[in-house]
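In the text below, chain A, chain B and the rest are named by the order of the sequence lines, each starting its count at 1. What you are looking at is a predicted structure, and each value in this text was computed from that prediction instead of being measured.
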2 protein chains.
Amino acid sequence: MRRKTEAKRDAILDAATQEFTERGYDGASMSAIVARIGGSKQTLYGYFPSKDDLFVEVMMRVVERQVAASYAEMKAGPDVAESLRRYGVHYLKVRQSPDLVGLVRLAYGESGRSDIGRLLYRDGRMKGVEDIATFLATAMKEGALREADPKIAALHYVALLDAELAEPVTMRVREPASDAEVAEVVGRAVDVFLAAYGRRDGDPG
Amino acid sequence: MRRKTEAKRDAILDAATQEFTERGYDGASMSAIVARIGGSKQTLYGYFPSKDDLFVEVMMRVVERQVAASYAEMKAGPDVAESLRRYGVHYLKVRQSPDLVGLVRLAYGESGRSDIGRLLYRDGRMKGVEDIATFLATAMKEGALREADPKIAALHYVALLDAELAEPVTMRVREPASDAEVAEVVGRAVDVFLAAYGRRDGDPG
DNA sequence: CATGTACCGTACTGTACGGTATGATTATGA
DNA sequence: TCATAATCATACCGTACAGTACGGTACATG
């Protein structure tokens with residue numbers, strides 16, 4: 001006999017990801033998804049029992065692939081500023097990518113009705129913030145940063161990273177920033193962050 | 001003869017605002033909007049020629065009423081920290097209200113396809129940021145804050161205000177914060193902001 | 001090679017919705 | 001008062017789409 005292949009499943013998910021991020025949940029059509037890969041609706045429904053199920057799988061996969069990968073870049077090191085900077089640059093690049101922008105639009109748009117936003121926030125954003133918080137906690141303990149609530153500090157840092165670009169890009173008020181501009185934006189965020197959370201000159205330690 | 005009344009128009013817009021913020025653009029139904037106020041579809045179409053037009057009017061009105069009003073709270077004064085704090089408290093209260101949360105979800109959700117997000121960002125957020133920037137510029141000139149790009153400083157401040165609450169509330173990961181908690185959140189944001197943008201001890205001026 | 005299963009294509013069902021049509025009723029202003 | 005326009009109730013049209021049915025074909029495995 002013949003078996004359902006993982007390749008086919010992935011192809012469907014790829015097409016669905018495109019369709020959902022481009023048209024939103026309601027705007028996306030199951031027939032259109034099928035049309036993107038060529039094949040039959042019956043095959044699609046053989047892999048995913050409903051539009052809702054397909055949607056959830058799409059969201060989960062994007063989160064795992066992109067968001068998680070982005071946050072994993074955090075590296076502990078002696079130079080806190082440099083670690084923050086490197087993380088920030090990677091984060092903003094991913095944050096501006098069409099896929100993630102589409103995902104964020106979806107998550108916000110659906111967050112009023114479904115639990116997908118919740119889920120995405122927990123597995124994506126929150127996990128990343130916790131990673132930063134862990135890094136910051138270590139830096140605080142080692143005396144590289146002043147003592148403070150590491151969770152809140154992490155939220156502040158991510159917010160500062162998002163400050164200049166996230167909303168305008170999502171709202172299509174401006175284009176994604178170039179690498180050079182990203183570097184500047186991150187630099188300003190790090191400056192503000194360290195002014196608040198860095199050890200003050202003359203502090204003991 | 002009889003005239004179309006502003007009261008009726010408002011009633012329709014109220015019902016439509018509810019429907020849109022609860023169900024999203026696609027999820028909202030013109031018949032359901034009519035059902036909320038009791039009346040006829042024909043009457044609705046007498047005031048608004050299409051769902052799109054109605055939607056735009058709804059969005060404009062919410063922006064004018066809430067966002068603009070919120071940002072207008074900015075008061076110039078000798079005590080910069082106090083001004084920032086007062087503004088922050090007012091801003092976060094509005095930002096957490098069901099109406100504005102629904103609006104933000106809509107704006108994000110539709111930003112991929114329509115221009116409504118763009119429009120909303122310009123008339124809402126951007127206008128507010130500019131107001132803060134103006135305030136900050138004055139404070140900088142008067143020596144209450146260090147010299148810096150006021151626009152970026154304003155973006156940083158708003159981002160810091162949003163850091164702890166905006167996304168979790170929008171994603172329904174947590175309930176809106178109480179007044180007491182809002183005060184704490186704003187306090188932390190102001191502390192970080194002033195650490196970065198306040199005059200350093202010993203600076204001239 | 002035979003058979004069970006995936007796959008394709010297409011047509012179909014039921015439903016929901018935006019927008020229109022119609023005709024009766026009610027309030028308003030000249 | 002009386003004409004005029006707004007309002008109401010309801011039925012209707014066209015369309016789009018989620019999901020199903022069905023008949024036929026390709027393919028892997030026993």
task = For A:K4 and D:dC27, give me the distance from atom NZ to atom C1', rounded to whole Å.
result = 16 Å
ask   = Near DNA chain D, which residues from residues 5-29 of chain B have a heavy atom under 4.0 Å away?
value = B:K8
task = Write out all pairs satisfying ring pair (Phe, Tyr, Trp, His ring centres under 6.0 Å) with one or both partners inside residues 21-45 of chain A, taking only residues at least two apart or from two chains.
result = A:F20-A:Y25, A:Y25-A:F55
task = In whole angstrom, give the distance that lies between atom CD1 of B:I37 and atom P of D:dT7.
result = 10 Å
query = Is there a donor-acceptor contact under 3.5 Å linking the side chains of B:D14 and B:T17?
reply = no
message = Using a strict threshold of under 4.0 Å (side-chain N to carboxylate O), is an ion pair present between A:R174 and A:E181?
response = yes
note = Shortest non-hydrogen pair, A:L106 vs A:G24, comes out as CD2-CA, 3.7 Å
request  = Measure from the side-chain N and O atoms of A:T138 to the backbone N and O of A:T134, and report whether any donor-acceptor pair falls under 3.5 Å.
outcome  = yes
task = Using atom CZ of B:R2 as one end and atom C1' of D:dT4 as the other, report the distance to the nearest whole Å.
result = 11 Å
query = Separation of A:M30 atom CE from C:dG14 atom P, in whole Å?
reply = 20 Å
inquiry  = Looking at B:K151 and B:E130, is there a salt bridge between them, counting it only when a charged N and a carboxylate O are closer than 4.0 Å?
reply    = no
request  = For residues A:A11 and A:I37, report the shortest heavy-atom separation together with the two atoms involved.
outcome  = O-CG2, 3.8 Å
inquiry  = Which heavy atom of A:E175 sits nearest to which heavy atom of A:V169, and what is that distance?
reply    = O-CG2, 3.9 Å
ask   = In residues 40-58 of chain A, what residues come within less than 4.0 Å of DNA chain D, judged by heavy atoms?
value = A:K41, A:Q42, A:Y45, A:S50, A:K51
